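A quick write-up on the structure given underneath.
Predicted model only: the values in this text are computed from it and were never measured. Sequence lines set the chain letters: A, B, ... in the order given, protein chains first and strands last, and positions in each chain run from 1.
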Amino acid sequence: MLFLYNSLGRRIMRFYPQENKKVKMYTCGPTVWNYAHLGNLRTFVFYDILRRYLKYKGYTVIHVMNITDVEDRIIEAVRSTGKKLKELTSFYEKELMADLDSLNVEKFEYYPRATEHIGDIVELIKKLMKKGYAYKAPDGSIYFNVSKFKRYGMLSGVRPAELKTGARVSLDHYEKEDVKDFALWKAWDEKDGEIYWDTELGRGRPGWHIECSAMSMKYLGPTLDIHAGGKDLRFPHHENEIAQSEAATGKKFVRFWLHTEFLHIAGEEMHKSKGNYVTLRDKLKEGWDPLTIRYFLISSHYRDPLNLTENALKQAESSRKRLLDFVFRLSSISAEKGNPNINKLVSRLLKEFEKAMDSDLNVPKALSSLFSFVREVNTMIDRGEVGREESDLILGAVRKIDSVLGVIGSWPEKLPESIMVKIRERERARREGKYDLADRIREELLELGVVLEDTQTGTVWKLRSKKENISAQTK
RNA sequence: GGUGGGGUGGCGGAGCGGUUACGCGUGCGCCUGCAGAGCGCAUUAACGUGGGUUCAAAUCCCACCCCCACCUCCA
């Protein structure tokens, strides 16, 4: 049984979808006006873990992540760079997809773009106007009337009456009737340049919140099982999404709201506006393996802050290396016989893993049970108690766990026969004390990226890691 | 002012009423042609401060201190 912390109600609740084995999930995606930073990516990797674990549990997941490709900051970027809207947004969208790919994030089912759903957005706004929840201001913009939606504040606990009309609010130059109201449709302004759509609502563009309501409804229907996003979106974005959606459909919008904590750098939250952000490409340039970054990003619970430091990345790298060494060690085993009790260890591992993940996706705890297992199995290998059959069983379980965590990534269980021949040749040479020959063969294989390590129970082969390759090249 | 999240050993990070989390690092040992990995032991008066409840508190209650945020740009 999976338990998740639901921001709506602020407690851990047993998760089950509306439909038997199908999960409808919507997650807030990026605004593509710049490179995604590691903080954004932390959240996206969390989506991936959630999605992968739901699949592990046997659910079919329909996962939608929006791409916001029209918005204030984008318009500003268009104005300052002189680029076309599409040119700018598709560039950053591609970069994001490449980042997600290198972080081993699976492809989601849909990545709808706001600009490709203007028709759906217009329809939804019309519906809200018809029902009396929205009004057109003198400047032509359309606003949602928060006072009409009685449940406003149910998610964030923000009481409309208590909203402070502080400095930030007064900055808003739109002509809405009440500071709490938010824009559904923003009327064209000459600063917007060529960025507008001529619709029944007039010339303009969608507000920031409406695309999520329109697109989630289109792909998933009126009620979502899960909606996730960064904790900063809880208010106002998600609160507004609830208002718009429920006002339009009259149905519950989201059953489970999940919010991720922030990535910190130097003790502060990472924000583009603070200028303290780091991108994945920055870290890759420094020589980090993307899966080390992934390991780091999932190494603390998603609802706890995580601090980015050089030392934390080093620790992640070493920890992950231990897992890689483990799978290579197992892949190198050739002995026939082993200890049949390994069955019990393996089923205990999977049970512990699931227990940890069932508890609101406790990845650190899941990793802990994996490492305990690694130590126990290593001891058994030392004792010669693991044969081919057992190692296959263990590798199967490790692969199963990594189908969720995705930090080990793919590795070959076998090497080409031509290389295996060399390895056996070297082992013979070692046995006969011909160390010069043995070392020469080892060097030769190292050139091909194969590292050989001798143990009591045989020679282990592994593939040289990316970082080792880089440092080897720079030497 | 309102709301939320934190403060755990050298570091990262679980636990949230009663046994060693786990990982990284460091030291010593075993193993070892070299290299590397693995295993063992140690690093353990670890739980922000002060009270309280309890046979028992890192975990519950009260007060306080500090940190990071949100309150209409933000994952």
Among A:Asp289, A:Ile49, A:Leu280, the one residue meeting side chain to side chain contact (heavy atoms under 4.5 Å, CB included) with A:Arg294: A:Ile49
Partner nucleotide of [N] by Watson-Crick or wobble geometry (both distances under 3.5 Å):
N	answer
B:A45	none
B:C22	B:G12
B:A75	none
B:G17	none
B:A69	B:U3
B:A37	none

Between [N] and [M], how far apart are the two [atom1] atoms, rounded to whole Å?
N	M	atom1	answer
B:U49	B:G40	P	33 Å
B:G7	B:C47	C1'	10 Å
B:A14	B:A46	C1'	14 Å
B:C11	B:C34	P	36 Å
B:G27	B:U32	P	22 Å
B:G48	B:C66	C1'	7 Å
B:C67	B:A57	P	30 Å
B:U59	B:U8	C1'	11 Å

Report the C-alpha distance between A:Tyr143 and A:Phe182 in whole Å, list the side-chain angles of each, state the deciding distance to 0.1 Å, and finish with yes or no for ring pair (Phe, Tyr, Trp, His ring centres under 6.0 Å). CA-CA 5 Å; A:Tyr143 295 93; A:Phe182 56 90; 8.8 Å; no
Under 4.0 Å between any heavy atoms, over every strand shown, what does [X] touch: base, sugar-phosphate, or nothing? Just pick one.
X	result
A:His37	base
A:Asp439	base
A:Leu306	sugar-phosphate
A:Glu261	base
A:Leu452	base
A:Phe371	sugar-phosphate
A:Arg426	base
A:Gly229	sugar-phosphate
A:Phe262	base
A:Ser372	sugar-phosphate
A:His271	base

For [N], take OP1 and OP2 only and decide whether either is under 4.0 Å from a side-chain N or O of [X].
X	N	value
A:Asn378	B:C39	yes
A:Asn362	B:A21	no
A:Arg442	B:A35	no
A:Lys321	B:A37	yes
A:Thr31	B:C73	no
A:Arg234	B:G5	no
A:Arg375	B:U20	no

Gap between atoms [atom1] and [atom2], on [X] and [N] respectively (whole Å):
X	N	atom1	atom2	result
A:Glu376	B:G23	CD	C1'	16 Å
A:Leu233	B:C71	CG	C1'	14 Å
A:Phe326	B:G38	CZ	C1'	11 Å
A:His264	B:C70	NE2	C1'	12 Å
A:Asp48	B:A75	CG	C1'	15 Å
A:His259	B:G4	NE2	C1'	12 Å
A:His301	B:C16	NE2	C1'	13 Å
A:Ile381	B:C31	CD1	C1'	15 Å

In a check of salt bridge (Lys or Arg N to Asp or Glu O under 4.0 Å) between A:Glu453 and each of A:Arg464, A:Arg426, A:Lys462, which one passes? A:Lys462
Minimum-distance nucleotide to [X] side chain [options: [options]]:
X	options	result
A:Thr455	B:A14, B:G36, B:C71	B:G36
A:Thr379	B:C39, B:U72, B:A35	B:C39
A:Asp304	B:C71, B:G6, B:G33	B:G6
A:Tyr5	B:G5, B:A37, B:G13	B:G5
A:Ser318	B:G36, B:C73, B:G25	B:G25

If you go through the side-chain atoms of A:Gln315, does one of them form a donor-acceptor pair with the base of B:C11 closer than 3.5 Å? yes
Record whether the side chain of A:Asp454 comes under 3.5 Å of the base of B:C34 through a donor-acceptor pair of N or O atoms. yes
Determine whether more than 12 heavy atoms belonging to other residues, nucleotides or ligands lie under 6.0 Å from atom NZ of A:Lys148. no
Criterion side-chain contact (heavy atoms from CB on, under 4.5 Å) on A:Leu224 and A:Phe256, from CA distance to verdict: CA-CA 8 Å; A:Leu224 315 177; A:Phe256 278 77; over 6 Å; no
Between A:Arg329 and A:Asp325, is the closest basic N to carboxylate O distance under 4.0 Å? no
So, are A:Asp72 and A:Arg205 salt-bridged, with charged N and O less than 4.0 Å apart? yes
Report yes or no: is the cationic atom of A:Arg51 (NZ for Lys, CZ for Arg) under 6.0 Å from the centre of the six-membered ring of A:Phe108, at an angle within 45° of the ring normal? no
So, applying side chain to side chain donor-acceptor pair (under 3.5 Å) with A:Ser7, which one of A:His238, A:Lys231, A:His259 is it? A:His259
Student check: side-chain heavy atoms of A:Glu310 and A:Glu286 closer than 4.5 Å: yes
Select from A:Lys231 and A:Gln456 the residue whose nearest nucleotide in RNA chain B is closer to the 5' end of that strand. A:Gln456
Given that A:Ala438 and A:Arg303 both sit by RNA chain B, which one's nearest nucleotide is further toward the 5' end? A:Arg303
